[in-house]
Amino acid sequence: MATRYRISFPHIIFIHTRCDQRGSVVLCEMGLSGVRLQPLCVRSLSLTASQNATLESPPARADSTFKVTMVPGDGVGPELMTAVKEVFKSGDVPVEFEEFHLSEVQNMASEEKLNEVLTSMKNNRVAIKGKIHTPMEYKGELASYEMRLRRKLDLFANVVHVNSLPGYSTRHNNLDLVIIREQTEGEYSSLEHESVSGVVECLKIITREKSRRIAKFAFDYATKKGRSKVTAVHKANIMKLGDGLFLQSCAEVAELYPKIKYENIIIDNCCMQLVQNPYQFDVLVMPNLYGNIIDNLAAGLVGGAGVVPGESYSAEYAVFETGARHPFAQAVGRNIANPTAMLLSAANMLRHLNLEYHSNMVSEAVKRVIKQGKVRTADLGGYATSVEFTRAVISNLSA
Amino acid sequence: VSRIKCQIIFYCICFAFQMQTVTIIPGDGIGPEISTSVIKIFEAAKVPIQWEERNVTAIKGPGGKWMIPPEAKESMDKSKIGLKGPLKTPIAAGHPSMNLLLRKTFDLYANVRPCVSIEGYKTPYTDVDLVTIRENTEGEYSGIEHVIVDGVVQSIKLITEEASRRIAEYAFEYARNNQRNSVTAVHKANIMRMSDGLFLRKCREVAENFKDVKFTEMYLDTVCLNMVQDPTQFDVLVMPNLYGDILSDLCAGLIGGLGVTPSGNIGANGVAIFESVHGTAPDIAGMDLANPTALLLSAVMMLRHMGLHGHAKKIETACFDTIRDKKVLTKDLGGNSKCSEFTAEICRRVQDLD
């Protein structure tokens, strides 16, 4: 009798799959809180090995659908989420979405709503979200809802994997960069005050603890994915104490990983090198604001905000979104947004949930459509609408 | 009426033929070589400029404060225009960087960097033609930092109404004087709502007085995203210190790097110092391998600032023609000529254009 357990995924865990005596596949998790045995699915082992289910065939389902929090956000977020839902439905993906419409610009935000979203995310542990736009005028609190969400869940690491899309050529092809950005402190502290009328101070906070944490995350990520070099991006020649502390923390953590090469580069030189020779970089780690700049720059190098997926991690939760976060309000209702980034991010989410088969199905379908080049949205130089693109992905799902 | 016209023309000619003094600061490393190149080219173009060479290595003044030598300060105050080569940043010399000292002494509040694609020097980006104007005195580089408790550091970003208004006014005036169509304010007022909000408000207010120039505002991340995809959509960009530093280097990268990018610093009281922003390149200093293009284009910017448009056009055309021809190029541009040969070629073209 299989009992359904909620599966939690600390971001750095070791997973072993074992068969116990009854022949059920069991997930043995050695996470931060010790070893846990959790039944994944039950399938009796047949006597002849050749008849055994291969990795390609769909696993037994209907026992566990994963619940994932969905926050569509503003701008084209809802349209992109519709695309994800349609693709998931056609692909029979065992994921159920719990939707929350949290929006500052559309006056759908309040403390209660934020708490609802937080509770749901704490239960489900995995979320997919669009960009919650921050209006420039503020009423009372300087921190936007998106920043508060990040802080409350302690989503400290933002990972954007910038990959050139096969079949779509830009000025720089075959790029493969990973950008890791510290997301909770730095320039986005929202601590500002007007000391005298006309003189405003904004505080940038850098702490050793968080710098070490993001550096360790970066090196662990590099080790796990087999990357060879980590470059820290900073401006310590000007902000000697602040970025100096960040740099020092990175150097300290680098000593614990002798197999991975460690370098550092100043932010303005980094931007210049990215447009002249981006191939020299592998994994980049940096504080908040520089991360924002370089995320967008690198996204632009491979095709724009519509093609790069991104994810945010905390020790307990994972949130999947696009790499370059823009609400793209000009495209609302015009059916021109490119769902690629959101679909690829959804595929990453499926991989995180260990639904490897479905993850590959979705990402292969998206890449196939782009490679074929017949159906492309406006940002990639085509004439298709978002709906047409989604339909093309759906038709490529089963192939 | 015609007599008055003749008189006016006469005075104009007299004024034009008057020799203007310019303070030149050769700098370190390859600085002296490229300064000599520029002086030679200017002589060949018969530019009415008298050069005054000065050194700005910091000395300790009375009261123990580091300052630039008084002769240098005097010369700059008199001539109001300066041309500077690359300066070495001292690591353990005890005194702050020379660039910082110059900025503080002459209140150089605006850093202007025009980025124009150079025909003949191929980069993946063509048709770049934009100007970045960066506020140079405050913002994130105020230098106010402190350790609150061990392991927690606070850096203060300062935005004042006065400085924001001043840079916005300069940006619009520059746009008007150089026939540019639009000014875009780059900010992050959705995150730093008060500080960048103040900067943006001031830009909007100043834009009201310059109705002939189009004003737009764009988030920094959107600018970065669009800049690497299509740089032709930007014209004049105005922004606070840190964003300006990053974006101006990004734009320099689009056209080929710091070796070919001119730059100018505008100060209060009409002072203007034009400089090359690359490093001192100590590994090739003294070997006649340096590329004087950055300093030369900065000097051309200087001529335009002084009103000598004819000479500016001549020298610029000669320089671009030399690069486009690709026959005599320095090593970093892809050729293997010496600095002196490159200079001689440009001099020859300048004289041919006469």
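Only heavy atoms go into these numbers, but all of them, side chains included; no hydrogens, no water, no symmetry mates. Keep in mind it's a predicted model, so treat the numbers as computed, not measured. Per chain, numbering begins at 1; letters A, B, ... match sequence-line order.
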Trainee: Identify which part of Lys188(B) has an atom lying under 4.5 Å from any heavy atom of chain A, answering side chain, backbone, both or neither.
Mentor: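 The side chain, not the backbone.
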
Trainee: Which residues, numbered in order, of residues 153-160 of chain B come under 4.5 angstrom of chain A by heavy-atom distance?
Mentor: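 Listed by number: Val153(B), Gln154(B), Ser155(B), Ile156(B), Lys157(B), Leu158(B), Ile159(B), Thr160(B).
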
Trainee: I'd like to know if Arg325(A) pairs up with Asp221(B) as an ion pair, taking the criterion as any Lys NZ or Arg NE/NH1/NH2 lying under 4.0 Å from an Asp or Glu carboxylate oxygen.
Mentor: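 No, no charged N to carboxylate O under 4.0 Å.
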
Trainee: What parts of residues 189-198 of chain B touch chain A if we use heavy atoms and a cut-off under 4.5 Å?
Mentor: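 Within residues 189-198 of chain B, the residues that come under 4.5 Å of chain A (heavy atoms only) are Ala189(B), Asn190(B), Ile191(B), Met192(B), Arg193(B), Met194(B), Ser195(B), Leu198(B).
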
Trainee: What option among Gln273(A), Lys204(A), Lys240(A) has the most heavy-atom pairs under 4.5 Å with chain B?
Mentor: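 Looking at each of Gln273(A), Lys204(A), Lys240(A) in turn, Lys204(A) comes out on top.
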
Trainee: With Leu250(B), which of Leu297(A), Asp268(A), Ile293(A) fulfils side chain to side chain contact (heavy atoms under 4.5 Å, CB included)?
Mentor: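 When side chain to side chain contact (heavy atoms under 4.5 Å, CB included) is applied between Leu250(B) and each of Leu297(A), Asp268(A), Ile293(A), only Leu297(A) qualifies.
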
Trainee: Tell me, out of Asp295(A), Val196(A), Leu245(A), who's got the most heavy-atom pairs with chain B below 4.5 Å.
Mentor: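 Looking at each of Asp295(A), Val196(A), Leu245(A) in turn, Leu245(A) comes out on top.
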
Trainee: Tell me, side chain or backbone of Glu140(B) under 4.5 Å from chain A's heavy atoms, or both, or neither?
Mentor: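 It is both, since atoms from each part get that close.
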
Trainee: Does a sphere of radius 6.0 Å around CD in Gln233(B) hold more than 12 heavy atoms from other residues, nucleotides or ligands, not counting ones at 6.0 Å or beyond?
Mentor: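 Counting neighbours around CD of Gln233(B), more than 12 heavy atoms of other residues, nucleotides or ligands fall under 6.0 Å, so yes.
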
Trainee: Heavy-atom cut-off 4.5 Å, strictly under: side chain, backbone, both or neither for Phe199(B) against chain A?
Mentor: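 Neither the backbone nor the side chain of Phe199(B) comes within 4.5 Å of chain A.
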
Trainee: So which atom in Ile246(B) and which in Cys271(A) form the shortest heavy-atom distance, rounded to 0.1 Å?
Mentor: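 Minimum heavy-atom separation between Ile246(B) and Cys271(A): CG2-SG, 3.4 Å.
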
Trainee: Can you say whether Glu187(A) sits under 4.5 Å from chain B via the side chain, the backbone, both, or neither, judging by heavy atoms?
Mentor: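 Contact with chain B: backbone and side chain both.
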
Trainee: Taking side chain as everything from C-beta outward and backbone as N, CA, C, O, which of these in Leu200(B) sits under 4.5 Å from a heavy atom of chain A? Side chain, backbone, both or neither.
Mentor: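 For Leu200(B), the contact with chain A is made by the side chain alone.
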
Trainee: Counting heavy-atom pairs under 4.5 Å to chain B, which of Val199(A), Thr134(A), Thr207(A), Leu241(A) comes out on top?
Mentor: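 Ranked by heavy-atom pairs under 4.5 Å with chain B, first place is Leu241(A).
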
Trainee: Taking every heavy-atom pair that is under 4.5 Å apart, which of Tyr290(A), Tyr188(A), Phe246(A) has the most such pairs with chain B?
Mentor: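 Sorted descending by pairs with chain B, the first entry is Tyr188(A).
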
Trainee: Out of Met272(A), Glu192(A), Glu146(A), return the one with the most heavy atom pairs under 4.5 angstrom to chain B.
Mentor: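 So the answer, after comparing Met272(A), Glu192(A), Glu146(A), is Glu192(A).
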
Trainee: On a heavy-atom basis, which atom in His172(A) and which in Pro124(B) lie closest, and how many Å separate them?
Mentor: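 That closest heavy-atom pairing would be CE1-CG, 4.2 Å.
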
Trainee: Heavy-atom cut-off 4.5 Å, strictly under: side chain, backbone, both or neither for Lys210(A) against chain B?
Mentor: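 It is neither, since no heavy atom gets under 4.5 Å.
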
Trainee: So which part of Ser164(B) gets closer than 4.5 Å to some heavy atom of chain A, the side chain, the backbone, both or neither?
Mentor: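 Neither part, no heavy atoms under 4.5 Å.
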
Trainee: Does any backbone or side-chain atom of Leu247(B) lie under 4.5 Å from a heavy atom of chain A? Answer side chain, backbone, both or neither.
Mentor: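 It is neither, since no heavy atom gets under 4.5 Å.
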
